[in-house]
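The structure displayed is predicted, hence computed values, not measured ones. What you see below is based on every heavy atom in this structure, not just the backbone, and it leaves out hydrogens, waters and symmetry mates.
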Amino acid sequence: MSSPHAFPEIDDHGLLRFLTCGSVDDGKSTLIGRLLHDTRAILADTLETLAATSRRRGLDGVDLSLLTDGLAAEREQGITIDVAYRYFTTGTRKYIIADAPGHEQYTRNMVTAASNADLAIILIDARRGVQTQTRRHAYLAHLLGIPNLVVAVNKMDLVDHDAEVFARIQRDFLDFAAWLGIEGACFVPISALHGDNVVERGPHLDWYRGPTLVELLERAPSAQGTRPDVFRFPVQYVCRPRDSADPALHDYRGYMGRVESGAIAVGDPVMALPSGRTSRVRDIQIGGVGQPEAGPEQSVTLLLEDALDISRGDLLVRPDQAPAPRRELEAHLCWLAERPLSASRHYLLRHTTREVRARVAAIEHRIDLNALTHQPATELGMNDIARLRLRLAQPIHPDPYASNRATGAFVLIDESTNDTVGAGMIL
């Protein structure tokens with residue numbers, strides 16, 4: 001038996017960011033520990049510490065989940081609460097792993113981890129099959145635009161490595177994926193505890209002829225080739241140094257931020273939004289050193305030829321690529337707070353570095369992940385996912401989330417508590 005889909009053979013060895021997600025106790029932390037152990041990314045003294053801790057707990061072997069469960073509460077309860085990041089390399093590629101919690105009450109942490117992932121590994125316990133939280137995480141991964149999906153059916157050792165169990169879970173997930181519109185998911189049966197089909201094949205799953213998990217990761221395309229080429233630079237800070245001993249700083253006005261997409265070079269024209277005023281880039285600096293150009297994910301300081309009135313929350317773009325102003329948004333929203341969303345309340349909407357007041361104009365529907373239907377709703381509870389319309393007090397300049405994840409996303413903030421209560425994707 002082979003996977004119904006495998007990533008094509010490509011020569012892409014760029015950095016791959018991926019996360020593990022799924023229902024609680026599906027073995028996400030153990031899988032990451034196994035990946036690090038079998039790729040020899042664990043130092044000897046760290047492994048000795050894990051072995052000693054495991055012995056104190058009465059375990060026969062090394063509990064690899066301790067590598068990512070760093071909080072005291074996580075180790076006491078045997079669960080993941082916060083997102084843990086780990087780094088490793090296979091020699092041909094570098095990886096950043098995010099271990100997302102499976103408990104429903106920590107779904108907000110999973111959204112954080114998924115926001116910049118290139119690939120998601122959805123873990124499923126072979127004994128329990130597809131659960132509600134499995135569907136929720138898969139749906140969020142789809143909404144958040146993660147382009148590659150691997151479904152790892154874990155704990156095959158606890159179902160006697162039965163090929164029919166794997167095939168049944170595969171069918172169940174594909175039915176759900178078809179309803180979502182997910183295409184091209186890869187499937188692999190594994191035992192994270194014993195290492196079968198993680199890095200090495202192992203002797204127990206010889207009926208599976210597809211690639212191992214690491215082979216799928218090696219083939220997965222990174223996000224570098226799929227980044228939008230439109231230039232987007234949200235201004236985070238206006239740098240006006242004061243040093244009477246340095247005349248060169250008297251008129252220094254630098255706009256600091258991160259290039260979220262596209263590229264910019266010295267001499268290029270730029271437009272500041274929302275004012276619409278234009279200028280040209282006089283210099284690009286990183287750590288005070290001039291650069292000829294800057295690309296995606298670089299934090300830089302831009303100096304312009306003209307002294308424009310620009311402040312935090314403004315957006316620098318190319319004049320011919322300016323997004324339209326929007327005071328009403330259609331979006332998917334994941335509600336993260338215990339207090340329900342109310343259409344009668346105002347919230348702060350943070351889009352890149354800009355904040356505006358917003359209120360809910362209408363909740364079009366709530367997604368029922370069990371019945372796979374859209375339900376009418378007048379409010380949203382914690383972890384509900386819905387499609388809604390928002391009205392804003394001032395315009396913002398977004399892109400659709402499907403074309404630009406950085407400028408198509410937003411969060412809602414409760415004005416009274418300053419808590420982040422919702423994460424949204426603009427349609």
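Closest heavy-atom contact between Val198 and Ala192: CG2-CA, 4.3 Å. For Val153 against Ala126, the heavy-atom pair with the smallest separation is CG1-CB, 3.9 Å. Between Gln394 and Arg327, the shortest heavy-atom distance links the atoms C-CG, 4.2 Å.
Using modelled atom types, one side-chain atom of Asn197 and one backbone atom of Pro189 make a donor-acceptor pair closer than 3.5 Å. A donor-acceptor pair is defined here as one N or O able to donate and one able to accept, closer than 3.5 Å; no such pair exists between the side chain of Asn383 and the backbone of Leu336. A side-chain donor-acceptor contact under 3.5 Å links Arg312 to the backbone of Gln236. For the pair Lys28 (side chain) and Leu19 (backbone), a donor-acceptor distance under 3.5 Å is absent. Between the side chain of Asp414 and the backbone N or O of Ser416 there is at least one donor-acceptor pair closer than 3.5 Å. Between the side chain of Asp175 and the backbone N or O of Asp172, no donor-acceptor pair lies under 3.5 Å. Judged by distance alone, with hydrogens and angles left aside, the side-chain atoms of Arg86 form no donor-acceptor pair with the main-chain N or O of Ala98 at under 3.5 Å. Between the side chain of Gln170 and the backbone N or O of Ala167 there is no donor-acceptor pair closer than 3.5 Å. A distance-only check finds no donor-acceptor pair linking the side chain of Gln321 to the backbone of Arg318 [under 3.5 Å].
Atom-to-atom distance recorded for Cys239:SG and Arg253:CZ is 11.0 Å, nearest 0.5 angstrom. Between atom CD1 of residue Ile169 and atom CZ of residue Arg128 there is a gap of 10.5 Å, rounded to the nearest 0.5 Å. Atoms CG and CD1, on Leu123 and Ile32 in that order, are 9.0 Å from each other to the nearest 0.5 Å. In this structure, Ser299 OG and Phe233 CZ are separated by 8.0 Å, a value rounded to the nearest 0.5 Å. Here the CG-CG distance, from Leu304 to Leu316, works out to 6.5 Å after rounding to the nearest 0.5 Å. A distance of 7.5 Å separates CG in Asn154 from OG1 in Thr30, rounded to the nearest 0.5 Å.
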Evaluate side-chain contact (heavy atoms from CB on, under 4.5 Å) for Ile396 paired with Phe410, printing each intermediate quantity in order.
-> CA-CA 11 Å; Ile396 63 173; Phe410 64 88; over 6 Å; no
Where do Thr301 and Ile284 land on the side-chain contact (heavy atoms from CB on, under 4.5 Å) test, with the steps shown first?
-> CA-CA 6 Å; Thr301 301; Ile284 301 171; over 6 Å; no
List the steps, then state whether side-chain contact (heavy atoms from CB on, under 4.5 Å) holds for Ile190 with Leu31.
-> CA-CA 9 Å; Ile190 65 170; Leu31 173 62; 3.8 Å; yes
side-chain contact (heavy atoms from CB on, under 4.5 Å) evaluation trace for Ile122 with Val150 = CA-CA 6 Å; Ile122 308 286; Val150 175; over 6 Å; no
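Residues Ile97 and Phe88 have side chains in contact (heavy-atom distance under 4.5 Å, counting atoms from C-beta outward). Under the 4.5 Å side-chain criterion, counting only non-hydrogen atoms from C-beta, Ile264 is in contact with Leu302. Looking at heavy atoms from C-beta onward, Ile426 lies out of side-chain contact with Pro400 at the 4.5 angstrom threshold. Contact check for Thr278 versus Val270: no side-chain heavy atoms found under the 4.5 Å cut-off. With contacts defined as side-chain heavy-atom distances shorter than 4.5 Å, the pair Leu348/Val356 does not qualify. Side-chain contact between Asn148 and Ile146 is absent, with no heavy-atom pair separated by less than 4.5 Å. Inter-residue side-chain proximity for Leu380 and Leu333 is flagged as met; some heavy-atom pair is nearer than 4.5 Å. When side chains are defined from C-beta on, Val259 counts as touching Val300, because their heavy atoms get closer than 4.5 Å.
Other residues, nucleotides and ligands contribute at most 12 non-hydrogen atoms within 6.0 Å of the CZ atom of Arg350. Heavy atoms from other residues, nucleotides or ligands lying under 6.0 Å from CG of Asp320 number more than 12.
Between Asp399 and Thr407, the side chains place a donor N or O and an acceptor N or O closer than 3.5 Å (distance only, hydrogens not considered). For the residue pair Asn404 / Ser261, a side-chain donor-acceptor distance below 3.5 Å is found, with atom types taken as modelled. Using a 3.5 Å distance cut-off with no hydrogens or angles, the side chains of Glu218 and Thr92 do pair a donor with an acceptor. No donor-acceptor contact under 3.5 angstrom links the side chains of Ser191 and Asp196, judged on distance only.
The residues Glu260 and Arg258 are annotated as salt-bridged, a charged nitrogen and a carboxylate oxygen being separated by less than 4.0 angstrom. Glu297 and Arg17 are joined by a salt bridge, as a carboxylate oxygen and a charged side-chain nitrogen come within less than 4.0 angstrom of each other. Comment: Glu415 engages Arg357 in a salt bridge, judged by a side-chain N to carboxylate O separation of less than 4.0 angstrom. Contact check on Arg280 versus Asp268 returns no salt bridge, with no Lys/Arg side-chain nitrogen under 4.0 Å from an Asp/Glu carboxylate oxygen. Asp125 has a carboxylate O that lies under 4.0 Å from a charged side-chain N of Arg127, or vice versa, which qualifies the two as a salt bridge.
A perpendicular orientation is assigned to the rings of Trp335 and Tyr347, their planes being inclined by more than 60° (bins at 30° and 60°). Classification of the His142-Tyr139 ring pair by plane angle, with boundaries at 30° and 60°, yields tilted. Taking the six-membered ring where the residue is Trp, Phe166 and Phe187 present perpendicular rings, their angle passing 60° and hence far from 30°.
Looking at residues two or more places apart in sequence or on another chain, you find a salt bridge (charged side-chain N to carboxylate O under 4.0 Å, His left out) between Glu364 and Arg387, Arg389.
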